[in-house]
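Every number for a ligand or one of its atoms is a count from 1 in the order of the listing.
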Amino acid sequence: MKRKLKPESLMMSYGYKPELSEGAVKSPIFQTSTFVFKSAEEGKAFFEVAYGHRPKRHDEEIGLIYSRINNPDLEILENRLTLWDEAEACAVFESGMSAISTVLLEFLKPGDLLLISSPLYGGTDYFIKKILTKFGIEVAEFKVGQSMEEIISIVESTGKAEKLALIYIETPANPTNDLIDIEGSKKIALHFSTPQKRIYLAVDNTYMGPLWQHPLKHGADLVLYSATKYIGGHSDVIAGACLGAANLIQRVKTLRTFLGNMAGPWTGWLLLRSLETLKARMDIQAHNAALVAQFLNKHPLIEKVYYIGNITEDNAAQYAIKKKQCLTNGAMISFDVKGGEKEAFQFLNALRLIKLAVSLGSTESLAEHPATMTHVDVDYKLKQELSITEKMIRLSVGVENSDDIIDDIQQALETIKK
Ligand SMILES: *Cc1c(COP(=O)(O)O)cnc(C)c1O
């Protein structure tokens, strides 16, 4: 029996035919807005399929039309991305936010109820609470650690349970690494679904994906990425992706066509290049993060470390979720320094190798201050409740030599003492 190749082995070739591009070993950048049809009949057939006027015949390839609808760099990228999550289909976008907002707009309509986990990525939180609500969409919110019964009663207490249309979660939560049960969230979706109406579950998997957690395997209908993070991985491109069953992605792609927020060919090409080293980069990042966490756990100037590797049997509920859905401990670590904003800022200002910047998942290590930066818009009381306080630092561990990363953290912590 022939063994199936692993995704990392397919990232250099899958979905690309060199004979269609003068034998070039790599896909060229198809920097073109439009594509020439061989005949008017062919153009007609392409449009019939692209606009859903008839289904694609089994042996038919969807033809290239216009780069807002399709482009080889985007199609090859979408095909390769499906391999990690074992998804039927993928749609790529010009940013993570455009992937997220397009999904929310496609699966919600005025009068609907949306259930979200808290905290969410700041941009997502803003889009949901400040923009979607303007269009008559109501939002219910649950927090890490709440039981299924509690979450169901949150939905019921809105008086609009029959209007629930979508559940949107993010796990691990940023920046605390608290875990939300994907399978449990699916059970809630099923609880409120009826034969006439299926409630979908969407998961933002940016923090762990696409290697370390596979939400579709745990019942999610849609998985979302800011491809700016691990997938791009070099802090040089903004992009997003959405994956799931072919019929759902077809809906997402149709709205994408009319919003016009697909990624361009240059972004597609950059991400194809990034995907070739995705596994290698993420392996090193997770390995380095474990060593950094080990160092932080023992340091006298650090009060608490928020790292998936620190979730043990003592915290039975979180541990059970971790065992179920996390394939590694990731490469994101948050920690509280002893003191407050002053001490946290002293630390951040003293870093030399690690860059003081938001974003995550890149080759270089990055550090930031959630309370005043990524999470500045989150309500103060909620921030306190979620442990996002003045003393917290968030660290994205990169691919540098682990001793160099640790030395940099150590020397920066030394400056706090003075
Ligand atoms: C960065 C990020 C986003 C937004 O992605 P962009 O590519 O910046 O638009 C969404 N969710 C999470 C978890 C993120 O980290």
Side-chain angles (χ1 to χ4, degrees), residues 74 77 81 85 90-105 116-132 144 168-180 182 202-213 215 220 222-243 252 256 259-264 266-268 270-271 274 282 285 306 308 325-326 330-334 355 357-362 364-370 373-378 386 388 394-398:
L74 297 197
L77 171 64
L81 278 172
D85 280 291
C90 171
V92 294
F93 289 84
E94 61 187 346
S95 69
M97 276 317 301
S98 56
I100 293 163
S101 54
T102 302
V103 161
L104 291 168
L105 289 172
I116 59 170
S117 65
S118 172
L120 290 180
Y121 175 73
T124 310
D125 189 77
Y126 186 99
F127 184 78
I128 289 172
K129 291 179 184 162
K130 307 252 166 59
I131 297 173
L132 281 184
V144 175
Y168 183 97
I169 65 170
E170 202 176 301
T171 180
N174 171 12
T176 54
N177 273 324
D178 288 317
L179 305 178
I180 289 170
I182 300 169
V203 180
D204 182 334
N205 198 36
T206 300
Y207 238 58
M208 290 291 266
L211 267 76
W212 299 333
Q213 181 170 268
L222 293 160
V223 54
L224 289 147
Y225 293 105
S226 165
T228 311
K229 313 298 164 57
Y230 288 105
I231 294 172
H234 294 73
S235 299
D236 56 8
V237 62
I238 300 271
C242 173
L243 296 102
V252 172
R256 184 187 69 173
L259 291 174
N261 56 358
M262 70 299 146
W266 175 230
T267 291
L270 276 173
L271 291 179
S274 288
M282 290 182 78
Q285 288 175 269
Y306 305 78
I308 297 172
Q325 66 194 37
C326 302
M332 293 299 296
I333 306 173
S334 293
K355 298 289 173 286
V358 298
S359 198
L360 61 100
S362 184
E364 70 277 292
S365 296
L366 299 172
E368 63 112 6
H369 189 247
M373 296 171 191
T374 45
H375 293 68
V376 66
D377 254 1
V378 179
L386 296 168
I388 307 170
R394 189 188 77 178
L395 191 63
S396 167
V397 180

[X]: numbered ligand 1 atoms lying under 4.0 Å from its heavy atoms:
| X | answer |
| --- | --- |
| Ala239 | 7 (O) |
| Ile100 | 10 (C) |
| Ser226 | 1 (C), 2 (C), 3 (C), 4 (C), 5 (O), 6 (P), 7 (O) |
| Thr206 | 11 (N), 12 (C), 13 (C), 14 (C), 15 (O) |

- Message: Let me confirm one number: the CG-CG distance from Leu81 to Leu243, rounded to the nearest 0.5 Å.
- Response: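 CG of Leu243 is found 6.0 Å from CG of Leu81.
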Are any of the N/O atoms in [X] less than 3.5 Å from those in ligand 1?
| X | answer |
| --- | --- |
| Tyr207 | no |
| Lys229 | yes |
| Glu170 | no |
| Thr228 | yes |
| Gly96 | yes |
| Ile238 | no |

Just by modelled atom types, is the [Y] backbone N or O under 3.5 Å from a matching donor or acceptor in the [X] side chain?
| X | Y | answer |
| --- | --- | --- |
| Thr102 | Arg256 | no |
| Thr171 | Ile180 | yes |
| Gln285 | Ser362 | yes |
| Glu368 | Ser396 | no |

Less than 4.5 Å apart, any side-chain heavy atom of [X] and any of [Y]?
| X | Y | answer |
| --- | --- | --- |
| Val144 | Leu179 | no |
| Tyr207 | Gln213 | no |
| Asp178 | Pro119 | no |

- Query: Of all the heavy atoms in Leu224, does at least one lie under 4.0 Å from an atom in ligand 1?
  - Reply: no
- Query: Do Glu364 and Ser235 meet the criterion of a side-chain donor-acceptor pair at a distance under 3.5 Å?
  - Reply: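 Distance-only check passes for Glu364 and Ser235.
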List the closest protein heavy-atom neighbour of [atom]: residue, atom name, distance to the nearest 0.1 Å.
| atom | result |
| --- | --- |
| atom 11 (N) of ligand 1 | Asp204 OD2, 2.7 Å |
| atom 8 (O) of ligand 1 | Tyr121 OH, 3.9 Å |
| atom 9 (O) of ligand 1 | Met97 N, 2.8 Å |

